[in-house]
Amino acid sequence: MTMQLDVHAIARHFQIQGRFVSAEPYGSGHINDTYCALFDQAGTRVRYIFQRINHNIFKNPVALMENAARVTTHLATKVSADPDASRRTLTLVSARDGKPYHCDPAGNHWRVYLFIEKARTFDAIQSAEQAFQAARAFGQFQKLLTDLPAPRLHDTIPDFHHTPKRFAALERAIEADAANRARLAKAEIEFCLRHKPITSVLLDANLPERVTHNDTKLNNVMLDDTTGEGICVIDLDTVMPGLALYDFGDMVRTATSPTKEDERDLSKVAMQFPMFEALVRGYLSAARDFLTPAEKKFLPFAGKLITFEIGIRFLADFLAGDTYFKVHREGQNLDRCRTQFKLVESIEQQEAGMNQLVETI
Ligand code: ADP
Ligand code: GN1
Ligand code: MG
């Protein structure tokens with residue numbers, strides 16, 4: 001009830017017509033507080049997405065919203081000729097003062113997006129066609145942003161995909177062992193130490209900086225209910241300068257194993273080759289025009305690296321006592337870490353074939 005009242009009170013600050021009906025928590029993101037709010041607009045029920053930005057994680061929500069406004073405006077121009085334009089990119093609803101957000105008395109920053117109807121996100125991949133569609137949408141997203149006008153976007157989280165720094169943070173978390181949990185994660189810590197040498201490979205490869213999404217997990221793209229098409233890329237908080245490979249890598253992490261991220265039965269976790277192939281084909285169908293040969297060559301490696309990197313982050317958060325990612329049960333971050341490392345192993349076993357495939361496409 002408190003939450004309903006909160007969202008209702010927040011809603012008054014946005015340029016939304018009609019009568020507030022209800023609001024409820026929505027989605028399975030790990031970071032922000034997301035609500036679906038229903039309004040009655042002259043007899044028609046219209047939904048909106050309300051989000052309270054997690055300012056423990058995003059230290060500068062105003063800069064973040066400046067990025068989001070620039071990116072959504074640019075994308076809107078690009079898709080404007082499409083009859084379905086309003087579902088092909090997120091659309092921010094302005095606050096009554098004209099800003100793209102509202103700051104409440106407690107210092108929380110809220111934003112509102114039009115609800116993308118007749119489409120949904122998936123927490124686990126169900127088919128190769130879905131993998132193709134998701135990858136094509138993220139590739140298209142990068143492509144449409146290749147000519148985003150200057151200035152450079154803000155780094156909403158500095159060094160977000162700097163894997164060696166993520167590794168150093170893990171080492172500090174092991175050392176501090178703040179929640180006395182290192183004893184529960186000996187095998188995982190050992191796994192990390194063994195894999196340390198891969199952390200700097202992409203940074204050493206001298207790849208071009210681009211505008212990238214940086215959080216391309218499967219449930220950050222909406223697939224159309226009827227056609228299955230990857231219709232809209234969402235969750236724009238980490239859109240900033242990065243490597244194209246960070247985005248492809250996170251697709252491999254979240255769309256090649258049939259399991260959810262926190263699957264406890266590790267025997268079910270595996271890199272499925274047909275899903276990888278669909279990702280490569282879908283991504284290249286949009287990104288081929290701008291990708292360099294070096295970027296293309298590293299596609300399989302990026303899958304391994306980003307899976308490892310997010311595994312490190314889950315492990316570090318488990319050791320720190322679950323202060324970053326939302327958890328809904330004890331040990332969830334360790335379970336998430338384990339699925340990542342199992343997937344890294346599965347990729348390693350198939351890496352030669354993955355490299356071969358990429359060469360032929
Ligand atoms: P988080 O940063 O916490 O992951 P997201 O922006 O990804 O938050 O939103 C969480 C979930 O809410 C998404 O996975 C998606 O299912 C849903 N969602 C977000 N934005 C929209 C939108 N504009 N229309 C419909 N659903 C949305
Ligand atoms: C978070 O916001 P969400 O749930 O889409 C995280 C990503 C991780 C992901 C792991 C800002 O993504 O970096 O890869 O969880 N986002 C942030 O599921 O840290
Ligand atoms: Mg999300």
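The analysis underlying the following values was restricted to heavy atoms, covering all of them including side chains, and did not include hydrogens, waters or symmetry mates. In what follows, residues are counted from 1 in the order of the sequence shown. Counting starts at 1 for both ligands and their atoms, in listed order.
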So which bit of [X] gets within less than 4.0 Å of ligand 1, heavy atoms only: side chain, backbone, both or neither?
X    : answer
M222 : side chain
L114 : backbone
T34  : side chain

When you measure from the side chain of [X] to the backbone of [Y], do you find a donor-acceptor pair of N or O atoms at a distance under 3.5 Å?
X    : Y    : value
R136 : L284 : no
T199 : P164 : no
K143 : R288 : no
R181 : F318 : yes
S127 : Q130 : yes
H195 : F191 : yes

Q) What orientation do F141 and H213 show, parallel under 30°, tilted 30 to 60°, or perpendicular over 60°? A) perpendicular
* With under 30° as parallel and over 60° as perpendicular, where do the rings of F298 and F301 fit, or are they tilted in between? -> perpendicular
Nearest protein heavy-atom contact for [atom]: which residue, which atom, what distance?
atom                    : result
atom 19 (O) of ligand 2 : Y324 OH, 2.5 Å
atom 8 (O) of ligand 1  : Q51 NE2, 3.4 Å
atom 3 (P) of ligand 2  : D215 OD2, 3.4 Å
atom 9 (C) of ligand 2  : K217 NZ, 3.7 Å
atom 4 (O) of ligand 1  : D235 OD2, 3.0 Å
atom 22 (C) of ligand 1 : I49 CG1, 3.4 Å
atom 16 (O) of ligand 1 : T121 OG1, 2.9 Å
atom 15 (C) of ligand 1 : I234 CD1, 3.6 Å
atom 15 (O) of ligand 2 : H30 CD2, 3.3 Å
atom 2 (O) of ligand 2  : I31 CG1, 3.1 Å
atom 14 (O) of ligand 1 : N219 O, 3.0 Å

Checking contacts here: is it the side chain or the backbone of [X] that comes within 4.0 Å of ligand 2, counting heavy atoms only? Could be both or neither.
X    : value
R253 : side chain
N220 : side chain
F314 : side chain
R336 : neither

Any nitrogen or oxygen of [X], main chain or side chain, under 3.5 Å from a nitrogen or oxygen of ligand 1?
X    : answer
G27  : no
Y26  : no
Y113 : no
G29  : no
R111 : no
N32  : yes

### Query
Between E295 and T292, do the side chains contain an N or O donor and an N or O acceptor separated by less than 3.5 Å?
yes
With a 3.5 Å cut-off and no angle check, do the side chains of R336 and N333 form a donor-acceptor pair? yes
Other residues, nucleotides, ligands: >12 heavy atoms within 6.0 Å of N206 CG | no
### Message
Is it true that, when you exclude K297 itself, more than 12 heavy atoms of the residues, nucleotides or ligands shown sit nearer than 6.0 Å to its NZ?
### Response
no
For [X], the ligand 2 atoms whose distance to one of its heavy atoms is below 4.0 Å:
X    : result
G29  : 4 (O)
D235 : 2 (O), 3 (P), 5 (O)
E261 : 10 (C), 18 (O)
F58  : 11 (C)
F325 : 6 (C), 15 (O)

- Item | Non-hydrogen atom of E117 closer than 4.0 Å to ligand 1 | no
In D237, T34, D33, D235, the residue satisfying side chain to side chain donor-acceptor pair (under 3.5 Å) with Q51 is T34
Between N220 and the Mg ion (ligand 3), is there a contact where an N/O/S atom of the residue lies under 2.8 Å from the metal?
yes
Note to self: Counting C-beta onward and ignoring hydrogens, is there a side-chain heavy-atom pair between R313 and F325 closer than 4.5 Å?
What the structure shows: yes
- Message: Under 3.5 Å between any N/O of R313 and any N/O of ligand 2: does that happen in this structure?
- Response: yes
From the list Y113, F39, F14, ring pair (Phe, Tyr, Trp, His ring centres under 6.0 Å) partner of Y48 resolves to F39
The atom name of the N, O or S atom in D235 nearest to the Mg ion (ligand 3) is OD2
- Any chance the rings of Y35 and Y26 have centres within less than 6.0 Å? no
Carboxylate-amine/guanidinium contact K186 E190, below 4.0 Å: no
query = So, D159 and K165, do they make that salt bridge, N to O below 4.0 Å?
reply = yes
